[in-house]
*Asks:* 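Shown below is the structure under consideration.
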Amino acid sequence: MTTSLHDQPSQAQTRAPTAGLLGAVGVGAAVAVGLGVYGSLHEPSGHAIDVAGFSSPLAVKAWLTTAALVLAVVQVVTAAGMWGRLGLSSAAWVAPVHRWAGRLAVLATLPVVVHCLYALGFQHGSARVLVHSLLGCFFFGAFVSKMLALPRRALPGWALPVLGGLVAAGLTGLWLTSALWFFTTFGITT
Amino acid sequence: MSSKSPYVTLAGAAGAFLILIAVNMASGPGDGPAYPAASSSTSSTSAPSSPNHVKGRSAPAFPSRAVYAGHVAHAGPAIAIAILGGSAAAYFCDGIDAESWMTGWARRGALALTGSHRDALRGRLSHGAVSGTVTVQGRTYRFRVGAANAPAGLYRAQSSTGRTTIGWIVLPDGTQVGVQNERGATAPAPTLQPGSPVRVAGRDVVPQRIHGDERF
C-alpha cells in the first residue's frame with residue numbers, strides 16, 4: 001500500500017468516531033431532557049396500573065428496581081469479562097449474557113419509570129426525590145447513548161466502559177433513592 | 001455482535017415504554033382494585049366499617065377507607081389523615097400560616113407519610129384512633145386523633161397549576177382549621193361550605209374531599 005492511499009481512510013476514521021460518539025451522547029442527552037420536561041409538564045395522575053400480589057405500587061417498583069440492580073451487577077461483571085478482566089474474554093457466553101441481562105434489566109425498569117413519570121412526575125419536594133427524578137432522566141439518556149454508541153466503529157477505547165459505567169452508576173443511584181428508602185421505611189416486604 | 005442488536009434493544013424498550021404509557025392513559029382512576037380492599041361498608045361515609053380493636057394476636061388494620069382528624073397534643077394545629085386502601089394523605093395546619101401536605105402509605109395499622117422539606121408523619125392505629133408524631137418545619141408534635149365522619153374530614157381546593165392551594169380540616173365538632181397557600185404565601189383560609197365554590201387564583205373551584213390516594 002502506498003502512503004497516500006493509506007492516509008485518506010485513517011483521517012476519515014479519526015474524525016468519524018468522535019462525531020459518532022458525540023451524536024450518540026447528544027441523542028441520549030435529548031432523551032434525558034425530554035423525559036424531565038415530560039415529567040414536569042404532565043399533570044401527575046396519582047395512579048397507574050397496579051400489579052396483583054403486592055401491597056402497593058411502591059412495593060412493586062422497589063422489587064423491580066432491585067431485580068434491575070442485580071442484573072446490573074451481572075452487567076458489570078460480564079463487561080469486565082468482555083474487556084479482558086476475570087479471565088473470561090474467550091468464553092463464548094459472556095457477550096450474549098451481557099446483552100440479554102441488559103435487555104431484561106431495562107425491561108424491568110420500564111413499568112417503574114412509567115409509573116414514576118405518569119403517576120408522580122418530576123418531583124423536587126425532598127432531596128431524595130429530586131436526585132431520583134434527575135437520575136431517572138439521566139439513566140435513560142445514558143442507556144440510549146450506550147445503545148447508539150455500540151454500533152459505531154473505532155470508538156475511543158474508553159467510550160463504552162464510561163457509558164456502561166454511567167448507566168450502572170445511574171441505576172445504582174436510582175435504587176438507593178427509591179428501593180433502599182422503601183425497604184428501610186417499610187421493611188423488606190412485598 | 002450484529003450491528004443491529006443495540007437498535008433492536010432500543011426499539012424493544014421504546015415500544016414497551018409506549019405500550020405501558022398507553023395502557024395507563026387508557027385506564028382511569030378506579031380501573032381494577034388498586035389494593036386489597038376490606039369488605040366495603042354499605043354507606044359512603046368515612047366511618048371505619050369494622051371494629052379495630054381485635055383481641056388476640058392479629059395486628060389491627062385500617063379500614064379500607066377512613067379519615068381521622070383532630071388537634072395535635074398541647075397545641076393549636078390540627079392534623080387530618082385520609083386513608084384509602086393502602087394509600088394515605090395527610091394535612092397539618094394551624095389555621096394561621098403553617099401547613100404541610102403529606103402523602104404515603106397505610107399498611108397493617110401503621111402509617112408512614114412524607115411531605116416537602118422533610119415533613120413526615122408516623123402513626124399507629126389503636127382502639128379506633130390514630131396516634132403518632134408529625135414533624136413539620138423541624139418541629140415534632142404528638143397526636144392522637146379519632147375518626148372524622150362526613151361532613152368532617154379533609155378538603156382541598158387548588159388552582160389548575162397546583163401552585164395555589166387551600167386546605168381545610170373540618171373537625172367532628174364542626175370547627176374548621178384551614179390555610180391557603182398562594183405560591184408560598186400562606187394565610188388563614190376562608191370559611192368552607194362543603195359543596196360551594198371558593199375563589200382560587202381568580203377562578204371558582206369547588207373544594208374536594210380528600211380520600212387518601214391523592215398525590216400532591
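Naming convention: chains lettered A, B, ... in sequence-line order (proteins, then strands); numbering from 1 in each chain.
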*Asks:* Rounded to the nearest 0.5 Å, what separation is found between the CZ atom of B:Phe17 and the CG atom of A:Leu107?
*Replies:* 13.0 Å
*Asks:* Tell me the closest heavy-atom pair linking A:Val106 and B:Ala13, and the distance in Å.
*Replies:* CG1-CB, 4.0 Å
*Asks:* Heavy-atom distance under 4.5 Å between the side chains of A:Pro111 and B:Leu20, does that happen here?
*Replies:* yes
*Asks:* Go through the steps to decide whether A:Val114 and B:Val23 satisfy the test side chain to side chain contact (heavy atoms under 4.5 Å, CB included), and finish with yes or no.
*Replies:* CA-CA 10 Å; A:Val114 166; B:Val23 166; over 6 Å; no
*Asks:* List the atom of B:Pro6, the atom of A:Met147, and the distance in Å for their closest heavy-atom pair.
*Replies:* CB-O, 3.2 Å
*Asks:* At what distance, to the nearest 0.5 angstrom, does OG1 of B:Thr9 lie from CZ of A:Arg103?
*Replies:* 3.5 Å
*Asks:* Check whether A:Phe140 gets within reach of chain B through its side chain, its backbone, both or neither, counting any heavy atom under 4.5 Å.
*Replies:* neither
*Asks:* Going by heavy atoms in the side chains, are B:Tyr7 and A:Leu150 under 4.5 Å from each other?
*Replies:* no
